[in-house]
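Here is the structure we will look at, set down as structure tokens.
Numbers for residues simply follow the sequence, beginning at 1. In this text the structure is predicted, and so the values were computed from the model without any measurement.
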Amino acid sequence: IGYEETIQNVTREKLITFYHKNFTANNLIISIAGNFKPDEVTHLIEDFSFRTNYDFIENKDNLKISSQRFGFTKMQSEHVHVMAGSVINSNSFEQNLLTNLLSILLGDSFSSRLFKKVRDELGLCYNITTQPDHFRNETLFSIYFSVEQSKYEKTIDAVNQVICELLEHGLHDGELDKIKKQYIGAILLSNDNLSRKMNSNIHYHLLTNSKMNKQKSIEFIENVSEEDIMSLARDFLASKKMYTHVLYKKKVAEPIWKF
């Protein structure tokens with residue numbers, strides 16, 4: 001969310017200036033899904049204008065990565081909460097699709113490698129997952145788990161083992177087809193979730209400046225190769241790029257990532 005010092009220095013004037021500069025008609029994308037007739041809402045959208053004296057903001061700054069690799073926050077919790085992640089430049093919708101496939105493979109499903117190894121096989125924790133967060137110019141890929149302190153180091157070792165195995169030996173036979181089918185199924189089912197559908201439309205437009213084409217996304221996924229996945233995995237899953245933050249009631253040792 002931010003550092004305490006940064007938040008404390010936010011003034012009313014800074015907040016109002018930020019609001020008026022960024023929340024403008026020129027920065028606005030409207031996504032509508034559901035039972036409606038386009039002609040009936042077109043005139044409403046055309047008349048939707050406010051603070052038009054501000055220009056469209058396009059951030060093309062190069063990605064700035066902190067040299068800090070570990071952080072700790074004291075929190076009254078019986079479990080140690082760990083999140084480790086890295087960030088890469090990403091300004092294409094196709095790369096975001098690839099990142100989502102990598103997440104399904106590693107931790108974003110009950111059949112993922114981390115979930116099966118760390119939770120099902122070893123019984124070290126109840127919750128372990130991966131999550132990609134897509135922004136306009138970069139993507140953050142993170143691994144999260146919460147464990148009892150007595151299982152903290154064993155869980156770190158197990159995560160290391162899973163990721164090292166992936167990077168050294170690649171995908172198992174049939175694994176790529178499995179995660180493709182799982183992802184395509186999720187895309188097709190998302191038609192029933194209007195909120196998710198609207199968010200996808202906005203995100204796609206921000207990256208491509210065009211209308212969402214679900215069939216093109218599916219075709220791209222179907223043509224993804226193992227090397228596509230592995231190249232992205234090597235980019236994200238590099239220990240020298242990982243930042244790890246731990247929340248617990250007392251300080252714990254910094255995780256040592258070996259991948």
Side-chain angles (χ1 to χ4, degrees), residues 1-4 63-90 98-135 138-172 175 179 226-227 229-259:
I1 297 176
Y3 294 103
E4 182 177 353
L63 181 64
K64 298 178 178 66
I65 301 177
S66 171
S67 59
Q68 186 178 358
R69 289 290 167 260
F70 179 70
F72 173 80
T73 299
K74 187 175 182 180
M75 182 183 76
Q76 292 303 315
S77 173
E78 296 305 313
H79 283 79
V80 185
H81 297 265
V82 181
M83 178 166 279
S86 65
V87 62
I88 63 170
N89 282 310
S90 174
L98 269 178
T99 308
N100 293 342
L101 279 171
L102 177 62
S103 183
I104 293 171
L105 169 70
L106 264 183
D108 194 20
S109 72
F110 293 147
S111 59
S112 66
R113 289 196 178 195
L114 285 171
F115 194 92
K116 289 172 66 176
K117 180 69 176 182
V118 181
R119 174 180 155 151
D120 289 351
E121 181 181 330
L122 299 177
L124 292 172
C125 66
Y126 178 77
N127 186 19
I128 183 166
T129 187
T130 56
Q131 177 174 324
D133 289 293
H134 304 296
F135 303 96
E138 56 266 340
T139 293
L140 171 67
F141 188 86
S142 56
I143 302 168
Y144 166 80
F145 57 87
S146 60
V147 295
E148 298 174 5
Q149 186 190 11
S150 60
K151 299 177 180 178
Y152 172 69
E153 293 184 1
K154 289 182 179 179
T155 305
I156 297 294
D157 290 340
V159 172
N160 274 320
Q161 180 184 345
V162 170
I163 295 178
C164 285
E165 181 182 351
L166 172 64
L167 296 177
E168 292 173 11
H169 302 292
L171 277 62
H172 302 150
E175 195 169 25
I179 61 174
E226 178 175 347
E227 180 52 34
I229 297 290
M230 293 307 303
S231 177
L232 188 65
R234 288 188 289 266
D235 202 358
F236 273 122
L237 304 172
S239 58
K240 62 182 180 180
K241 294 172 59 176
M242 300 287 285
Y243 171 78
T244 305
H245 202 93
V246 175
L247 283 75
Y248 190 50
K249 59 185 178 183
K250 61 182 180 180
K251 198 82 178 275
V252 295
E254 178 180 348
I256 299 176
W257 302 117
K258 300 177 181 179
F259 42 86

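- Taking both residues in full, the closest heavy atoms of Thr244 and Ala84 are given as OG1-CB, 3.5 Å, listed atom of the first, atom of the second, then distance.
- For the atom pair CE (Met242) and CZ (Phe70), the distance works out to 13.0 Å, reported to the nearest 0.5 Å.
- Remark: Gln68 engages no residue in a side chain to side chain donor-acceptor pair (under 3.5 Å) (not counting sequence neighbours).
- Taking Arg113 as the reference, Glu175 meet the salt bridge (Lys or Arg N to Asp or Glu O under 4.0 Å) condition, with sequence neighbours excluded.
- Distance check, rounded to the nearest 0.5 Å: CG of Leu114 to CD1 of Ile128 gives 4.5 Å.
- Identified under the salt bridge (Lys or Arg N to Asp or Glu O under 4.0 Å) test for residues 145-168, with sequence neighbours left out: none.
- Remark: Tyr144 engages His81, Met83, Asn127, Thr129, Ser146 in a side-chain contact (heavy atoms from CB on, under 4.5 Å) (not counting sequence neighbours).
- Residues that satisfy the ring-ring contact (aromatic ring centres under 6.0 Å, His included) test with Phe115, not counting sequence neighbours, are Phe110.
- Side chains of Val159 and Trp257 form a contact here, defined as non-hydrogen atoms less than 4.5 Å apart.
- Each salt bridge (Lys or Arg N to Asp or Glu O under 4.0 Å) pair with one or both residues in residues 243-259, not counting sequence neighbours, appears once here: Glu78-Lys249.
- Shown here for Leu232 and Ile88, the closest heavy-atom pair between the two residues is CD1-CD1, 3.8 Å.
- For Phe145, there are no ring-ring contact (aromatic ring centres under 6.0 Å, His included) partners, not counting sequence neighbours.
- The 12-atom threshold is not exceeded at OH of Tyr126, counting heavy atoms of other residues, nucleotides or ligands nearer than 6.0 Å.
- Residues Leu106 and Val162 meet the side-chain proximity criterion, which asks for heavy atoms closer than 4.5 Å.
- Counting all heavy atoms, side chain and backbone alike, Ser86 lies closest to Leu140 at O-CD1, 3.3 Å.
- Between Thr130 and Leu102 the shortest side-chain heavy-atom distance does not fall below 4.5 Å.
- For His134, the ring-ring contact (aromatic ring centres under 6.0 Å, His included) partners two or more places apart in sequence, or in a different chain, are His203.
- To the nearest 0.5 Å, the span separating CG on Leu124 from OG1 on Thr155 amounts to 4.0 Å.
- By the side chain to side chain donor-acceptor pair (under 3.5 Å) test, Gln161 is found to be paired with no residue, residues two or more places apart in sequence or in another chain being considered.
- Within the 3.5 Å criterion, the main-chain N or O of Phe259 finds a donor-acceptor partner in the side chain of Ser239.
- Tyr152 meets the ring-ring contact (aromatic ring centres under 6.0 Å, His included) test with no other residue; sequence neighbours excluded.
- Heavy-atom minimum distance, Phe72 versus Tyr248: CZ-O, 3.5 Å.
- When the salt bridge (Lys or Arg N to Asp or Glu O under 4.0 Å) test is applied to Glu121, the partners found at least two apart in sequence or on another chain are Lys117.
- Taking the side chain as every heavy atom from C-beta outward, Thr99 and Phe236 approach each other to under 4.5 Å.
- Residues Leu105 and Leu166 are in side-chain contact: their nearest non-hydrogen atoms beyond the backbone lie under 4.5 Å apart.
- In terms of heavy-atom proximity, His245 sits nearest to Thr73 at NE2-OG1, 2.7 Å.
- Atom-to-atom distance recorded for Phe135:CZ and Asn89:CG is 13.5 Å, nearest 0.5 angstrom.
- Put simply, the side chain of Glu226 gets close to the backbone of Leu171: a donor and an acceptor are under 3.5 Å apart.
- For Ile256, the CD1 atom is loosely surrounded, since the number of other residues' heavy atoms within 6.0 Å does not exceed 12.
- Residues Gly107 and Ser112 approach most closely at CA-OG, 3.1 Å, considering heavy atoms.
- The salt bridge (Lys or Arg N to Asp or Glu O under 4.0 Å) search around Asp235 returns Lys241, not counting sequence neighbours.
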